[in-house]
Undergrad: 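Let me begin by handing over the structure; questions about it come next.
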Amino acid sequence: MLHFKNGEKSCEIANDSATLHDVIKALGLDGKKVIAAKLNDELMDLSRNVNEGGEVEAVTTDSPEGLEILRHSTAHLMAQAIERLYPGTHFGIGPAIKDGFYYDIDVAGTITESDLPKIEAEMRKISGAGEKVSREDMSKEDALKFFANDPYKTELISEIDAPTVSIYKQGEYADLCRGPHVPDASKIHNFKLLSIAGAYWRGSEKNKMLTRIYGTAFATPDELKTYTKRLEEAKLRDHRKLGKELDLFSLHEEGPGFPFFHPKGMVIMNTLINFWRKEHLKRGYLEIKTPQILDQQLWVRSGHWDHYRENMYLTEIDEKTYAIKPMNCPGSILVYKTQLRSYRELPMRLAELGIVHRHERTGVLHGLMRVRCFTQDDSHTYIEPSKIKEEVTAIMELDKYFYTKVFNFKYTVELSTRPEDSMGTDEQWEAAEAALKDALESTNTPYTINPGDGAFYGPKIDFHLEDCIGRTWQCGTIQLDFQLPGRFDVTYIGEDGAEHTPVLIHRVVFGSVERFMGILIEHYAGAFPYWLAPVQVEIIPIADTHIDYAKKLQDTFNKCGVRVEIDTRSEKLGRKIRDAQIQKIPYMLVVGDKEQAENKVGVRERSKGDLGSMTLDEFKNVLENEFDPNKD
RNA sequence: GCCGGUGUGGCUCAGAGGUAGAGCAGCGCACUCGUAAUGCGCAGGUCAACAGUUCGAAUCUGUUCACCGGCUCCA
């Protein structure tokens, strides 16, 4: 006799061939949305036979766990449909992921996006037929025999560290899988195949490239609809599309990965940079500028030649090899070393808006997010080892102010540890990693560890901002460096009169100013807050007779530092408003006979609409109250 | 770099072996207008580049380049 309970409810089952589903029913937990169960906190199929009692929970598609199972089962459903339509296809892995699932397949010939509806239709057929899903445990030997014709499954099975593996079958389709899965395919309704892409087997470039099909599934049709709408919304926010429409920047075949910034894009970039300068001056940073092209020998000494050469552009001057800088650190060090430094000068924070060039492989370029030339809002801080925690904490505060207070971003923090290709001793790395951990923990900053992802010269803290599609972008980073100071004989004279080696902290806040702009474009969907908007106020004369008055207004506002434009086209009012609206200009000033006579302006705000007539002073006051971190 | 897709006027896109089309934008003319598109007219393209097949190629084939979706890599 086995005892089961769920909160207040309980039941006893004598039959030793009872399934978890029987238990769920006996406990009165059954329902349409129930697709799996938990027995003593372990996720299981409903069809599992029970051989121990305990706490039972029904898992529905409403829970994150249930949704994951649903998606994983949808991946299997897709695989079954593909096997029917493309016999002889071999299957790799097909997991549930953040917003859906994928399956990597090795198919003879090619599948293109236009084939997806066909596969979807087949999936609906199987789901409609309510194909049952069953689990079977097998010894590894049997499983290897069973999947003898399947090279990928064979590889996976032989790496599993257990005597038995489980196989899931639905109709003619069988797959190696840990499970659990939905009890039958009829549970799967609200799914959609999304896209197709190549993906290396097991994520390694050395392996064969398989075809990956992405899809998603949800518990309800509404959730699926909401999700596909979100994808459409994300497309509308695409910074490449908005960059073109708002005339911010352009990309050309003549310079792949080298963006061209237009006047309006430069307004945004310069406003960001002004803000950045102001905040850094406040915090004791000193700004420097170092050359684009430097002698190869410098890069040999810095270690970049050994660890970063494939990303560097080279050139020759007077028969000597020079490199176009991919990083700003060696230049900063040369500046530091122009004088003998005292501990009294430390921490010395040498900031640089350094333009760096890095050779990125063709396939990775992406608008402003991934380019070959970008501006790092860099700083190299030379510091006594005992002050690391204090300085790192101050940088984290600066980051927090930028990201959350000024731009309203959510972000997550990662600690990246020693990579395979790196310089330095174990002790140095341990000390550096411990220092960063200490700073994170003493400020109660939640973080995850990203093993092996540090820079070649030291571990780092990375800040990842989340964009509108839920993609994350690395922006800020704080990197500790115990290597370069030694390599370059960087020193300071300590209180004791002796020479010491400082620690070097590399850090950026925006990361790449270009990328940060791209993220902002998507974040704001092109509707930049007042302080960043390229055109802040559009003056709209109703008829040609009002242009003179409009010009007088423009003059007045220009003198107050407001960015103003006039729409002098001989178009109707509605048209001019529409165009200003599409350009997402924060304020429109409609001026006609009435305004001209009363020396007023008709104010329209891009999202609130018509705010009525105001005197100039009243409107100036409205502008004064706009958020502008560059004002104070 | 790898897999798949795409490349037609400034922009968005149609055309698919017989020599290029629309809407928007631009320019001109008329209208002088009150809160999201006024009307008429004009001009604008060696159909990404190069090679090939063909009597004839934007259209078929190949190569290259760029872009898009991913993979790998990354700020």
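Quick note: numbers below take in every heavy atom, side chains included, and nothing from hydrogens, waters or symmetry partners. Here is the naming used below: chain letters follow the sequence lines, and residue numbers restart at 1 for every chain.
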Undergrad: In whole Å, measure the gap between the C1' atoms of B/C11 and B/G45 for me.
TA: 14 Å
Undergrad: Answer yes or no as to whether B/A75 has its base stacked against A/F374, where stacking requires a ring-centre separation under 5.5 angstrom and planes under 30 degrees apart.
TA: yes
Undergrad: Determine the interatomic distance between P on B/C74 and the same-named atom on B/A37; round to the nearest Å.
TA: 50 Å
Undergrad: Using the P atom in both, what is the distance from B/G7 to B/U61, to the nearest Å?
TA: 13 Å
Undergrad: If you measure from the C1' atom in B/G44 to the same atom in B/A20, how many Å do you get, rounded?
TA: 13 Å
Undergrad: B/G4, B/U32, B/C74: which one has an atom nearest the side-chain heavy atoms of A/D453?
TA: B/C74
Undergrad: Measuring to OP1 and OP2 of B/G69, would you say a side-chain N or O of A/R240 lies under 4.0 angstrom away?
TA: yes
Undergrad: Which nucleotide in the set B/C74, B/C3, B/U72 lies at the smallest distance from any side-chain heavy atom of A/M209?
TA: B/C3
Undergrad: Between A/E159 and A/R202, is the closest basic N to carboxylate O distance under 4.0 Å?
TA: yes
Undergrad: With a cut-off of less than 4.0 Å, is there a side-chain N or O of A/K241 near OP1 or OP2 of B/C11?
TA: no
Undergrad: Quote, to the nearest angstrom, the P distance that separates B/A22 from B/G5.
TA: 32 Å
Undergrad: Scan A/R212 against the nucleic acid and name what it touches under 4.0 Å (heavy atoms): base, sugar-phosphate only, or nothing.
TA: sugar-phosphate
Undergrad: Between B/U32, B/C73, B/A37, which nucleotide has the shortest distance from any of its atoms to the side chain of A/A543?
TA: B/U32
Undergrad: How far does the C1' atom of B/G10 sit from the matching atom of B/G26, given to the nearest Å?
TA: 8 Å
Undergrad: Pick base, sugar-phosphate or nothing for A/K594, based on heavy-atom distances below 4.0 Å to the nucleic acid.
TA: base
Undergrad: Using a 4.0 Å heavy-atom cut-off, does A/E310 contact any base of the nucleic acid, only the sugar-phosphate backbone, or nothing at all?
TA: nothing
Undergrad: For a quick test of reading the model: is some side-chain N or O of A/K460 closer than 4.0 Å to OP1 or OP2 of B/A75?
TA: yes
Undergrad: Which value, in whole Å, describes the distance between the C1' atoms of nucleotides B/A66 and B/G52?
TA: 22 Å
Undergrad: Work out how far the P atom of B/A49 is from that of B/A58, and round it to whole angstrom.
TA: 10 Å
Undergrad: Charged N to carboxylate O under 4.0 angstrom, A/E391 versus A/R349?
TA: yes
Undergrad: OP1 or OP2 of B/G1 versus the side-chain N and O atoms of A/T362: is any pair under 4.0 Å?
TA: yes
